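Bear in mind the structure is a predicted one, so any value in this text is a computation, not a measurement.
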Amino acid sequence: MKHRTIWLLCGILALALTACQSQPAAENPFSQNAAQIQQEVFSSLRMAEGNIPAVRLEATVTENEAPFFYIETAEDTEVTLYYNFTKDAGDAWIGCYSENGSENNTIPLDSSAVTTEISNELTLSLKKGMHVFYITGNSCHCTLRLELNGLDSSNILYADTLPKDDVSTDIQAEA
């Protein structure tokens, strides 16, 4: 009797472990190829040339976070984030997270602003390391220009619309 109980418990445990392993993991939008996400979401995405990191985009945003700008800093710094946007009815947010997980900021794009360009300014602290800016929303159409001021160019290790390790060249620099 004891042996059957032990074998029964072992069988149940094995089935439970198998069931846990077969469940799909929650999908992380940042684990997908950035260029693939960008092609699905953005009508246009361009990095501006010059000394000030700036990005322009046009997108129909969904609830999935779509990364559009990657910047790596050599040390902790405070920057001024300027952003201008227009959007149609619906809600949208831009966000920034640190790849080391130390910070995550979300900024709502004014829900009362529909088809009118709105300009905003925000002070943002960036820790040493890589930061990813993304946009999300509920199927509204947006145009956005984002600019980071107050960064010493010697403090910028990397700035682009694709992550460092992505070799795709689908996104072109703005002339």
Under the ring-ring contact (aromatic ring centres under 6.0 Å, His included) test, residues paired with Phe69 that sit two or more places apart: Phe133
Set of side-chain hydrogen bond (donor to acceptor under 3.5 Å, both in side chains) partners for Ser119, sequence neighbours left out: Asn84
Residue pair Trp93, Tyr134: steps toward the side-chain contact (heavy atoms from CB on, under 4.5 Å) verdict: CA-CA 8 Å; Trp93 300 265; Tyr134 62 89; over 6 Å; no
Counterpart residues, side-chain hydrogen bond (donor to acceptor under 3.5 Å, both in side chains), relative to Asp152 (two or more places apart): Ser154
Partner residues of Thr60 under the side-chain hydrogen bond (donor to acceptor under 3.5 Å, both in side chains) criterion, sequence neighbours left out: His141
side-chain contact (heavy atoms from CB on, under 4.5 Å) evaluation trace for Tyr83 with Ile107: CA-CA 11 Å; Tyr83 57 101; Ile107 306 157; 3.1 Å; yes
Under 3.5 Å donor-acceptor, Thr73 side chain and Lys127 backbone: yes
Side-chain heavy-atom pair Val55, Phe68 within 4.5 angstrom cut-off: yes
Minimal non-hydrogen separation, Cys96 against His131, with atom names: SG-CB, 4.0 Å
Partner set under side chain to side chain contact (heavy atoms under 4.5 Å, CB included) for Ala54, not counting sequence neighbours: Ala48, Arg145, Glu147
Residues which pass side chain to side chain contact (heavy atoms under 4.5 Å, CB included) with Thr143, listed by chain and number, not counting sequence neighbours: Glu58, Thr86
Output a table of donor-acceptor pairs, distance under 3.5 Å, between side-chain atoms of residues 75-82 and any protein atom two or more places apart or on a different chain; print 'none' if there are none.
residue, atom, partner, partner atom, Å
Asp76, OD1, Lys128, N, 2.7

Separation of Ile37 CD1 from Asn64 CG (nearest 0.5 Å): 8.0 Å
From CG (Leu126) to CG (Leu151), nearest 0.5 Å: 6.5 Å
Exercise: identify the closest heavy-atom pair between Leu162 and Tyr70: C-CD1, 3.4 Å
Nearest-0.5 Å distance, OG1 of residue Thr106 to CD1 of residue Ile94: 9.5 Å
Side-chain (Glu65) to main-chain (Ile135) donor-acceptor, under 3.5 angstrom: no
side-chain contact (heavy atoms from CB on, under 4.5 Å) assessment of Glu99 paired with Val132: CA-CA 7 Å; Glu99 284 194 338; Val132 179; 3.8 Å; yes
Atom pair CG/CG of Leu146 and Leu57 - distance to nearest 0.5 Å: 8.5 Å
Heavy-atom donor-acceptor pair, Glu63 side chain to Ser139 backbone, under 3.5 Å: no
CG-CD distance between Leu45 and Gln39, expressed to the nearest 0.5 angstrom: 11.0 Å
hydrophobic_cluster_shared for Leu124 and Ile52, side chain cutoff 4.5 Å: no
Same cluster (ILVMFWY, side-chain, under 4.5 Å), Tyr97 and Leu157: no
Donor-acceptor contact below 3.5 Å, side chain Ser153 vs main chain Asn51: no
Closest non-hydrogen atom pair between Phe42 and Ala59, with its separation: CD2-CB, 3.4 Å
Shortest non-hydrogen separation from Lys87 to Cys140 and the atoms involved: CD-SG, 4.3 Å
Flag, side chain of Asn138 to backbone of Gly90, donor-acceptor distance under 3.5 Å: no
Nearest heavy-atom neighbours spanning Met130 and Tyr158: CE-CD2, 3.8 Å
